[in-house]
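Nothing here was measured: the structure is a model prediction, and the numbers come from that model.
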Amino acid sequence: MNSTNKLKIFNDPIYGFISIPNSLVFDLIQHPYFQRLRRISQMGLSYLVYPGAHHTRFHHALGCMHIMQKAVETLKYKGVEISDEEETALYIAILLHDIGHGPFSHAMEHSIVEDIHHEEISLRFMDALNLQFEGKLSLAIQIFKGEYHRKFMLQLISSQLDMDRMDYLKRDSFYSGIAEGNINSDRLIQMMNVADDNLVIEDKAIYSVEKFLMARRLMYWQAYLHKTSVVAELILTKILKRAKELTQKGVVLSCSEPLQFFLQHKITQDSFEAATLEKFALLDDYDVMGAIKSWQFAEDFVLSSLCKMIINRDLLKIEMTEGKPQSEQLQQLKTQLLQKYPITDKEADYFVFKGKLKNIAYNKESVPIRILKKDRTVEVLEETSEQSQVKAMSKAVTKYFLCYPKVLLG
C-alpha cells in the first residue's frame, strides 16, 4: 500500500481532526490487536448510569496520541530536543498504553484472569507487535517500562499529569455529560516544559492544575466510583467468577470459544504465554455480553440471577456507609436470603457482601507535579499552591458499602 494513503485523519468529537503522524502508527492502528479496542468500553458498565457513556478504548487511545502530538510540538517549540525516533516512540507508547484491557475494562482482572494486570498484558501485546514490526517498537517499550534515560518521556505517558488522564477526564465527562470533569487540556499542554529532565508546568497555569485535580476528584465520585457503576461492575465480576467455578466443575456453559478458554484455565502471570495472548486478543465486550444474555437462562440459580440483574438493570441494592458495615448485619442479611432461596451459605456470598472505595486526587507519595517558577527554580505542587486546596485533594477518602438483593428490603 502506498504510504501516502496512510496519513489519514479521524474526526473526533472532543478535539476535531486527529491526524496520523506516520505510516508506522497507521499500521499499528490497523492491526487487529488495536482494532479490538473498538469493542472494549472505556467506562465499563457506567452506561447503566450515564446512557451516553458508550465510548471505547479506541477513542481514548487516539485522543491520547493527539494530545501527545500537541505536547511534543509545545516542548520542541520551547527548545526541548526530541528526535524523530523519540517522537514516534512517544506516540506509539501512548497509543498502546491501554491495549491490554479486557472486556468492560477492569472486570476481567478481578475474575477470570488472575494475578496479571492490564499494564502487564499491554506490555505483552507491545512485545508481540515489536516482533511483527521487526523491532520498530523497541524504544517505545523502553520508555513505557521507564528504562529510557530521559525521565520526562515516561512522565508524559504515566504520571499525575499525563496525556492518559488529560484525555480520559475530558472524554469521559463529554460522553457521560458530567460537566465538572471537563478540563482545559490545551492550556495545561501549552504551559508544559522540561527542567532537570522532569516534566514541569509553568507557574501561571497553577490554577489550571488545581482545576484538573478537582475535576479528577469529582469524576471519581460522580462516575468511576458512582455507587450504581460500582455495584454493576461487582455483579459482572461475580458472574465471571461463578461461570468459571461452574465450568471447572464440568458444567457446560454456552459462550464464545475465547471466553470458554479463560473459563476452563487458571490464568496467572506465569501461565500467560504467547498462545494465551492470542486468545485474549479475541476477547471483547461482545463475548461477555453475549454470554450473559445466554446465561440468564442457565439452570444455576446464582448465575442466572446475576445475569438477569445486568440485562434488565435490576441490580443489587448498594448502601454507602461511613464506617465499616458490621459482620452481624451481613450475617443477618445472608440468613434472610437463605430462608428465601434454596442456596448454600457460600452461594449467598454472591449476593450479600461488603467492600470499600478509596479515592485520592493527588498522591504526595507518588512522583509529584512540579511547578516551574518565573526565576526558573522548580517547586513541587504542594509547596507552591494554595495549601488548603492541595491538602484536601491529597487526603485519601474512603467510603464503605454493603450490597444485598432488593427482595430483602422489608
Side-chain angles (χ1 to χ4, degrees), residues 40-41 43-49 102-114 225-256 258-264 266-267 283-320 325 330-357 401-410:
I40 305 283
S41 63
M43 288 178 71
L45 289 164
S46 290
Y47 63 81
L48 293 174
V49 184
F104 295 103
S105 292
H106 291 283
M108 287 280 290
E109 285 176 81
H110 307 295
S111 54
I112 56 175
V113 176
E114 296 144 63
L225 298 179
H226 184 290
K227 64 178 190 171
T228 308
S229 301
V230 168
V231 76
E233 187 155 313
L234 287 166
I235 292 168
L236 178 57
T237 303
K238 287 182 181 292
I239 287 170
L240 294 169
K241 274 189 171 167
R242 183 62 173 175
K244 185 155 192 167
E245 194 182 312
L246 293 170
T247 303
Q248 307 264 317
K249 285 179 182 169
V251 177
V252 178
L253 297 171
S254 68
C255 63
S256 69
L259 183 55
Q260 189 72 253
F261 174 85
F262 285 95
L263 294 178
Q264 285 170 348
K266 185 174 166 63
I267 307 296
L283 204 55
D284 55 51
D285 289 10
Y286 298 6
D287 298 81
V288 173
M289 201 43 86
I292 290 173
K293 281 178 72 181
S294 167
W295 296 343
Q296 67 180 315
F297 306 111
E299 282 179 30
D300 180 69
F301 173 81
V302 175
L303 186 63
S304 67
S305 302
L306 293 170
C307 289
K308 282 172 190 158
M309 288 178 191
I310 295 288
I311 294 293
N312 304 317
R313 200 199 177 277
D314 186 10
L315 308 169
L316 292 169
K317 171 77 178 163
I318 179 168
E319 243 176 56
M320 305 302 284
L330 204 69
Q331 197 50 55
Q332 200 180 342
L333 287 163
K334 277 176 74 173
T335 305
Q336 278 179 262
L337 188 68
L338 291 166
Q339 286 166 355
K340 215 168 178 68
Y341 298 106
I343 56 174
T344 66
D345 196 57
K346 192 167 176 284
E347 287 169 345
D349 292 338
Y350 278 100
F351 300 101
V352 179
F353 51 89
K354 61 181 179 175
K356 66 178 178 181
L357 306 171
F401 64 82
L402 178 65
C403 297
Y404 56 91
K406 287 172 185 164
V407 292
L408 300 183
L409 289 167

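- Every residue was checked against the side-chain hydrogen bond (donor to acceptor under 3.5 Å, both in side chains) condition with Thr237, not counting sequence neighbours, and none meets it.
- Under the 30°/60° scheme for interplanar angles, the aromatic rings of Phe353 and Phe401 are found to stand perpendicular.
- Listed by chain and number, the residues in a salt bridge (Lys or Arg N to Asp or Glu O under 4.0 Å) with Asp300 are Arg242 (sequence neighbours excluded).
- For Leu330, the side-chain contact (heavy atoms from CB on, under 4.5 Å) criterion is met by Val352, Lys354, Leu402, not counting sequence neighbours.
- The two residues Ala232 and Leu45 have their closest heavy-atom pair at O-CD1, 3.5 Å.
- For Asp345, the side-chain hydrogen bond (donor to acceptor under 3.5 Å, both in side chains) criterion is met by no residue, not counting sequence neighbours.
- The side-chain hydrogen bond (donor to acceptor under 3.5 Å, both in side chains) check on Tyr47 picks up nothing, with sequence neighbours excluded.
- Applying the salt bridge (Lys or Arg N to Asp or Glu O under 4.0 Å) criterion to Lys308, with sequence neighbours excluded, gives no partner residue.
- Residues forming a side-chain contact (heavy atoms from CB on, under 4.5 Å) with Tyr286 (at least two apart in sequence, or on another chain): Arg39, Asp284.
- Among residues at least two apart or in separate chains, there is no salt bridge (charged side-chain N to carboxylate O under 4.0 Å, His left out) pair with a member in residues 226-236.
- Every side-chain contact (heavy atoms from CB on, under 4.5 Å) that Val231 has, sequence neighbours left out, goes to Ile235, Leu315, Leu316, Ile318, Cys403.
- Screening residues 247-256 for side-chain hydrogen bond (donor to acceptor under 3.5 Å, both in side chains) gives Ser254-Ser294, Ser256-Asp287 as the qualifying pairs, with residues at least two apart or on separate chains.
- For Lys241, there are no salt bridge (Lys or Arg N to Asp or Glu O under 4.0 Å) partners, not counting sequence neighbours.
- Remark: Lys266 pairs with Glu114 by the side-chain hydrogen bond (donor to acceptor under 3.5 Å, both in side chains) rule, at least two apart or across chains.
- When every heavy atom of Phe104 is checked against every heavy atom of Ile40, the shortest pair comes out as N-CG2, 4.4 Å.
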